[in-house]
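Have a look at the structure below before the remarks.
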Amino acid sequence: MAKPKYTSHVGMVDILPDESPKWRALENIIHEEAVRFNFEEIRTPIMEQTELIVRGIGQLTDIVSKEIFAFEKGDSHYVLRPELTAPVVRSYVEHHLDQRGGSQKLYYIGPMFRAEKPQKGRQRQFHQFGVEVIGSDDPVADVETIAFMMRIYERIGIRNFELKLNSVGDPESREAYKEALREYLKPNLSKLSEVSQKRFEKNPMRILDSKETEDQEFIKNAPVIQDYLNEETASHFEKVTQYLDDLGISYTIDPYLVRGMDYYTRTAFELTSPDLGSQDALAGGGRYDLLVEEIGGQPTPAVGFAAGMERLLIACEELGIELAEEKSVDVYFVTLGGAARSFAIKHLPKLREAGVSATMDYMSRSMKAQMKDANRENARYTIIIGDNELNEGKFTLRNMKESEEDSLSFNEILTKLS
RNA sequence: GAGCUCGUAGCUCAGUUGGUUAGAGCGCCAGGUUGUGGCCCUGGAGGCCGUGGGUUCAAAUCCCAUCGGGCUCCCCA
């Protein structure tokens, strides 16, 4: 097939009419559950200042170092947002949302951008939904965040997954642990992979997350952060696990779980699914108690997660879960001749005002073609209008499923359908 | 950034050791039925065989390059 002159950019896909209903169904579920959890929606711009993303996520992360779409215009440095935690925190600080009182329970749905090579479950423009609870230190916030995430999958019917949990420590225990880790790795530093060596000074914990083969034997026997958590952090983590147990949410503790963004502290979690292939992370998140201050606000604890919507839909596909109902329309006007067409166009609004979805042929086609179109559109009823009907003021209402017809006035039809 | 693999109609795919006007199913349009959809029958439209170059009397088919898709590694949603 010859390539069309214009195509979408690599890794940026159109959501076509056959696909969009399931997206809307998913969005509706997220909005509904958010209401039940009393989370409020926040919408931020697609672009942010480059500096915010670099500072927020971390200079050395993969996201910032190689996956960002950035450009300049005049003196401004724009970046297409690769994730939404840093932008939401920016908004929180910029608009003093702390002044609304209490903790802010925010959620979002929207497109994100990362300049990666696309593959299954990975696009350059993709969609996430997520939650950010800003202002609470309480393990309840961690667990409610996780519970919201799990609730979405539960409601959709995706149950085949693993929730991995870890604590990456507060600043104090983290420093102690990093020191121990450096101490442990130092003798073999030159044997580690290049990436890991680069991370050694600034972020040795990411080494634990390494998939490089030469790193594995050192990771295997590395000290575990749990042994370095101070009392407060350990007790926070224990409360999180206890609440999760109370809720019947099962998880596995993975002491080497380290997430891709530098801002995480204490609770970290990740949800993976065997139905996804190699890009198996459905969702991930954790606490980021230092980020608000890093971005210029008051020291404020926070926790959140982000979930990939394409990946969720892939899992649905694998599991045979249909999110959207078949398309349909209540009424299709089948018109014969100009008078019938002008009658139809005048009466469409009356049906719609009554809450009945209604359409008609736009192409002046034969009756047979109109009936065929009505069938394709999955119309519940056709209203057939010709000269006979117009003269008598009675129209043929055809039930398409039952293949039964009635002769009724328009008002009778309106009453019957609304 | 690296590897593997695939590009033929809107979609899914045939196309023999290179050999005349490149095919099927589905979908689309029309007719069979001058006022009735789905099922059926008939017909039609729709192809620079991804693109460029090479080999050959002859290329969808062989070779090279290039672009695009899919999958994998890395990393992440």
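Excluded from the calculations below are hydrogen atoms, water molecules and symmetry mates; all remaining heavy atoms, backbone and side chain alike, are included. This one's a predicted model, so the numbers in the text were calculated from it and none came from an experiment.
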Expected output is a numbered-order residue list: members of residues 123-132 of chain A with a heavy atom under 4.0 Å from any atom of RNA chain B. What is it?
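Under 4.0 Å from RNA chain B: A/Q123, A/F126, A/Q128.
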
So if I take residues 402-418 of chain A and measure heavy-atom distances to RNA chain B, which residues fall below 4.0 Å?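 Contacts with RNA chain B under 4.0 Å: A/S403, A/E405.
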
Using the salt bridge (charged side-chain N to carboxylate O under 4.0 Å, His left out) rule, collect all pairs that involve residues 8-23 of chain A, keeping only residues at least two apart or in two chains.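 Counting only pairs at least two positions apart or across chains, the salt bridge (charged side-chain N to carboxylate O under 4.0 Å, His left out) contacts touching residues 8-23 of chain A are A/E19-A/K22, A/K22-A/E317.
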
* For atom P, what is the distance between B/C26 and B/U21, given to the nearest Å? ->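 Between the two P atoms, the distance is 28 Å.
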
Q. By side-chain contact (heavy atoms from CB on, under 4.5 Å), which residues pair with A/E310, not counting sequence neighbours?
A.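 Here the qualifying residues are A/W23, A/Q123, A/F126, A/H127.
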
Next on the checklist: Between the base of B/G37 and the side chain of A/N375, is there a donor and acceptor pair under 3.5 angstrom?
Outcome noted: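 By the distance-only test, yes, there is a pair.
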
Any donor-acceptor pair, under 3.5 Å, between the side chain of A/E116 and the base of B/A77, if you only look at N and O atoms?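 Check passes, donor-acceptor contact within cut-off.
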
Listed by chain and number, what are the ring pair (Phe, Tyr, Trp, His ring centres under 6.0 Å) partners of A/Y107, not counting sequence neighbours?
->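 Expected list: A/H31.
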
- Partner residues of A/F148 under the ring pair (Phe, Tyr, Trp, His ring centres under 6.0 Å) criterion, sequence neighbours left out: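 A/F148 satisfies ring pair (Phe, Tyr, Trp, His ring centres under 6.0 Å) with A/F37, A/F39 once adjacent residues are dropped.
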
Taking Watson-Crick and G-U wobble contacts under 3.5 angstrom, with | marking pairs to another strand and [ ] crossing pairs, the secondary structure of RNA chain B is written (((((((..((((.....[...)))).(((((.......))))).....(((((..]....))))))))))))....

- request: Report the distance from atom CE of A/M371 to atom C1' of B/G38, rounded to the nearest whole Å.
  value: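 After rounding, the gap between these two atoms is 10 Å.
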
Residues forming a salt bridge (Lys or Arg N to Asp or Glu O under 4.0 Å) with A/K327, sequence neighbours excluded: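 Checked A/K327 against salt bridge (Lys or Arg N to Asp or Glu O under 4.0 Å); matches are A/E377.
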
Q | Set of salt bridge (Lys or Arg N to Asp or Glu O under 4.0 Å) partners for A/E40, sequence neighbours left out | A |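 If we apply the salt bridge (Lys or Arg N to Asp or Glu O under 4.0 Å) test to A/E40, skipping adjacent residues, the hits are A/R100.
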
From the list B/G69, B/U72, B/C76, which nucleotide is the closest neighbour of the side chain of A/K120?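 Within the option list, the nearest is B/U72.
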
**Message:** Looking at A/D387, I want to see if its CG is surrounded by more than 12 non-hydrogen atoms of other residues, nucleotides or ligands under 6.0 Å.
**Reply:**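 Atom CG in A/D387 is not packed in, count stays at 12 or less.
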
Touch check for A/L312, heavy atoms < 4.0 angstrom, all strands: base, sugar-phosphate only, or nothing?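 Counting heavy atoms under 4.0 Å across all strands, no contact is made by A/L312.
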
Any donor-acceptor pair under 3.5 Å linking the side chain of A/D330 with the backbone of A/S357?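 Indeed, once roles are kept as given, a pair shorter than 3.5 Å links the two residues.
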
5′-ward residue of the pair A/E389/A/A283 relative to RNA chain B
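Nearest nucleotide further toward 5': that of A/E389.
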
Protein-nucleic acid N or O pairs under 3.5 Å, nucleotides 29-34 of chain B:
unit_1	atom_1	unit_2	atom_2	d
B/C29	OP1	A/R365	NH1	3.0
B/C29	OP1	A/R376	NH2	3.4
B/C29	OP2	A/R376	NH1	3.4
B/G32	N7	A/K368	NZ	3.3
B/G32	O6	A/K368	NZ	3.1

With 3.5 Å as the limit, what N/O pairs link the protein to nucleotides 1-4 of chain B?
none

Practice task
Report the residues that fulfil side chain to side chain donor-acceptor pair (under 3.5 Å) with A/R365, sequence neighbours left out, ordered by chain and then residue number.
Solution key: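 Counting only residues at least two positions away or on another chain, A/R365 forms no side chain to side chain donor-acceptor pair (under 3.5 Å).
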
